[in-house]
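Quick caveat: nothing in here was measured; it's all calculated off a predicted structure.
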Amino acid sequence: MRSLSRVTTAGVLGAAALALLTGCLGSSGSGSGDSGGQDANRNAEAKKVELTFGSNSVMGGKSSAGATFISDVLIPKFVADQKGKGVDVTVKFQGDGSDDEVYKQKLSLDLSNKSGPDLFQIDGIWVGEFAQANYIKPLTDTVGAAGKVDEWDGWKQIPESVQALGSYNGQRYGVPGGTDGRVLYFNKKLFQQAGLPADWQPKSWDDIISAGQALKKLSGVTPIQINAGTAMGEATTMQGVLPLLVGTGTTVNADGKWLGNTSQLRQVLDFYHQVYSTGLGDPVLQREAKGRDKSFAEFAANKISILLESDYFWRSVVEPKEGVAKMADRDSAVGYALIPAAKPGGGVKGQDFVSMSGGGATVINPNTKYPQQAWEFLQFMNSATMVKESLDGAAKITQRSDVNSEVLKSDPMLSFVAEKVLPLTQYRPGLAEYPKVSAALQQATADVVGGKSTDQAAAAYQKAVETAVGGKDKVASN
């Protein structure tokens, strides 16, 4: 679940649906039971245990590979491991294949009724929302004393920045799964023609603009393409606004308030204005429904020089054999660089370089009858051995540094993300209002690309956010 679908679910939440959904999820598992206020060590010595594991994946359908791994590898190996400890464990996989928002609603209904799977996977941006609703609790509450959770050796292999994917308000609610990172891609062939270095690493936004101006001299080439507008949806926010925003030294939600019409927002919109009002970027691509796909194709055809994207672009878009926009010479023609802060040291936490990442986490239902065994399952599935097996030979960035160093050693780009990007990355806030704020950010960029001034776009954004989050007092402005 890498992105949050925004699907209308009217009619799903009626009384009849409530009975149906709570029957579909968790009815046959041990998730149903007393409230999470029980002793965290309840049933700790049980020799016969039943657990359920929920995920929005299904064999032969959505995220089929993940569902197959859970059913055919993870569960059987965990059962065998527990058998060796004298415990008879049955684990039932509750797979789903819904749109993300529909799945979220189903899961929320179960959890609100203190039902649902014993463990389940959720998008990282749902963690805070579920925590606020008391659907999930800190692992130290669900499992027991902080020492028990903190002593797990797996934490040492998960960078603190990545642990944030399963955390809220400084507390761990779950263990993050695989993640990703965003960088600036550039076409080395076009750079050479423009007299730019093959090892380009901009240190500021001015450096990006300067490179764009040099590339503008090339005929038929779009120098810079940064996702913008509403047609690209969340891609605009994650591959555009948020990486730029953290480069100004702030985040979309800071100190309990949402980003409003601030100097940092205007700085971001000014950058968009520099790119799209001066011919460095193609504004038409940002208005088209398939604009992002077209930008991929144009980059692969040597018509776009600089593109801000995630590692997905490298491994699935321009991948030489199976990519959707294959580049036979990818390994020699495509360069990648860290995203610079607006100015050196001007990024969030005083960083010179920044990024954004996404991903999911696995959490424990606080109502489980078997919290200790659920914790053992969570540790087992996030062990180096199981994380590596879940890849099934593919080169993908995982949550664990030790696994990454092994499985990515033959791919310098993915190693670059794992080693250089993940330690400095940021994640979206897991709060219920975020999707509406994200939509307002997308509209603000659309306004600028469409010709409105930064001040006009920022003022309209301020009003939209105040409406989205329930009042001016919840929005920062300056």
**Study point:** K420 atom NZ: more than 12 heavy-atom contacts under 6.0 Å
**Key:** no
Practice item. List the atom of L422, the atom of S357, and the distance in Å for their closest heavy-atom pair. Key: CD2-OG, 4.0 Å
With a 3.5 Å cut-off and sequence neighbours excluded, list the donor-acceptor pairs that the side chains of residues 346-354 form with protein atoms.
{"residue": "Q351", "atom": "NE2", "partner": "F353", "partner atom": "O", "Å": "2.9"}
{"residue": "Q351", "atom": "NE2", "partner": "L424", "partner atom": "O", "Å": "3.2"}
{"residue": "D352", "atom": "OD1", "partner": "G345", "partner atom": "N", "Å": "2.7"}

Point to revise | side chain to side chain donor-acceptor pair (under 3.5 Å) partners of S57, counting only residues at least two apart | key: S55
Practice item. Search all heavy atoms of V79 against all heavy atoms of V91 and return the closest pair with its distance. Key: CG2-CG2, 4.4 Å
Exercise for review: Begin with the C-alpha distance, continue with both residues' side-chain angles, and end with the deciding distance and a verdict on ring pair (Phe, Tyr, Trp, His ring centres under 6.0 Å) for F416 and Y336.
Suggested key: CA-CA 9 Å; F416 176 81; Y336 40 88; 5.3 Å; yes
Practice item. Determine, stepwise, if the pair D88 / K83 fulfils salt bridge (Lys or Arg N to Asp or Glu O under 4.0 Å). Key: CA-CA 6 Å; D88 179 10; K83 186 175 181 180; over 6 Å; no
Exercise for review: Tell me, with the steps shown, if E234 and R428 meet salt bridge (Lys or Arg N to Asp or Glu O under 4.0 Å).
Suggested key: CA-CA 11 Å; E234 187 65 13; R428 293 167 289 184; 3.0 Å; yes
Check your understanding: With sequence neighbours excluded, what pairs up with D329 under the salt bridge (Lys or Arg N to Asp or Glu O under 4.0 Å) test?
Key -> K189
**Study point:** Crowding at NZ, K326 (>12 non-hydrogen neighbours, <6.0 Å)
**Key:** yes
**Study point:** Electrostatic pair D255:K257 at N-O distance under 4.0 angstrom
**Key:** no
Point to revise | Main-chain N/O of G249 paired with Q264 side-chain donor or acceptor, under 3.5 Å | key: no
Check your understanding: Below 4.0 angstrom, N of the basic side chain to O of the carboxylate: do K77 and E389 qualify?
Key -> yes
**Study point:** Side chain proximity check, K396 to L414, heavy atoms < 4.5 angstrom
**Key:** no
**Study point:** By side chain to side chain donor-acceptor pair (under 3.5 Å) - contacts of R330 (at least two apart)
**Key:** none
Check your understanding: Is the closest basic N to carboxylate O distance between K85 and E376 below 4.0 Å?
Key -> yes
Practice item. Please report the C-alpha distance between T237 and S438 in whole Å, then the side-chain angles of each, then the deciding distance to 0.1 Å, and finally whether the side chain to side chain donor-acceptor pair (under 3.5 Å) criterion is met. Key: CA-CA 6 Å; T237 317; S438 176; 2.7 Å; yes
Check your understanding: Can you check whether G233's main-chain N or O pairs, donor with acceptor, with Q442's side chain at less than 3.5 Å?
Key -> yes
Check your understanding: What pairs meet the salt bridge (Lys or Arg N to Asp or Glu O under 4.0 Å) rule with one or both residues in residues 154-175, with sequence neighbours excluded?
Key -> D150-R172
**Study point:** Identified side-chain contact (heavy atoms from CB on, under 4.5 Å) partner of N56 from the options V102, I122, D100
**Key:** D100
Review point. So L74 and F380, side-chain contact (heavy atoms from CB on, under 4.5 Å) or not? Walk me through it.
Key: CA-CA 9 Å; L74 176 61; F380 184 85; 3.9 Å; yes
Exercise for review: Please identify each residue that fulfils side chain to side chain donor-acceptor pair (under 3.5 Å) with K294, with sequence neighbours left out.
Suggested key: E288
Check your understanding: How are the rings of W152 and W155 set to each other: parallel, tilted or perpendicular (split at 30° and 60°)?
Key -> perpendicular
Check your understanding: Thinking salt bridges, do R315 and D311 make one under a 4.0 Å N-O criterion?
Key -> yes
Practice item. Indicate the ring-plane relationship of F130 and Y135, choosing parallel, tilted or perpendicular according to the 30° and 60° boundaries. Key: perpendicular
Exercise for review: May I have the step-by-step check of side-chain contact (heavy atoms from CB on, under 4.5 Å) for L391 and V407, ending in yes or no?
Suggested key: CA-CA 9 Å; L391 298 174; V407 303; 3.8 Å; yes
Revision key, fill the gap. Here the pair of heavy atoms bringing F53 nearest to P117 is C-CB, 4.3 Å
**Study point:** Cationic N near anionic O, under 4.0 Å, E309 to R292
**Key:** yes
Review point. Any donor-acceptor pair under 3.5 Å linking the side chain of Q372 with the backbone of A40?
Key: yes
Exercise for review: Before accepting this row, confirm whether a basic side-chain N of the pair K388/D402 lies closer than 4.0 Å to the acidic partner's carboxylate O.
Suggested key: no
Check your understanding: Under a 4.5 Å cut-off applied to non-hydrogen side-chain atoms, are V363 and L119 in contact?
Key -> no
Exercise for review: Step by step, work out the side chain to side chain donor-acceptor pair (under 3.5 Å) result for Q286 and Q225.
Suggested key: CA-CA 9 Å; Q286 306 310 127; Q225 203 66 27; 2.4 Å; yes
Point to revise | D180 and R182 ion-paired at < 4.0 Å | key: yes
Exercise for review: With ring pair (Phe, Tyr, Trp, His ring centres under 6.0 Å) as the test, would you mind laying out the steps for F313 and F299 before giving the verdict?
Suggested key: CA-CA 11 Å; F313 180 77; F299 186 98; 5.2 Å; yes
Check your understanding: Can you check whether G358's main-chain N or O pairs, donor with acceptor, with T179's side chain at less than 3.5 Å?
Key -> yes
Study note, to complete from the structure: In terms of heavy-atom contacts, A440 and V465 come closest through CB-CG2, 4.0 Å
Check your understanding: Is a side-chain donor or acceptor of N43 paired with a backbone partner of Y370 at a separation under 3.5 angstrom?
Key -> no
Exercise for review: Kindly say whether S115 contributes a backbone atom to a donor-acceptor pair with the side chain of N113 at under 3.5 angstrom?
Suggested key: no
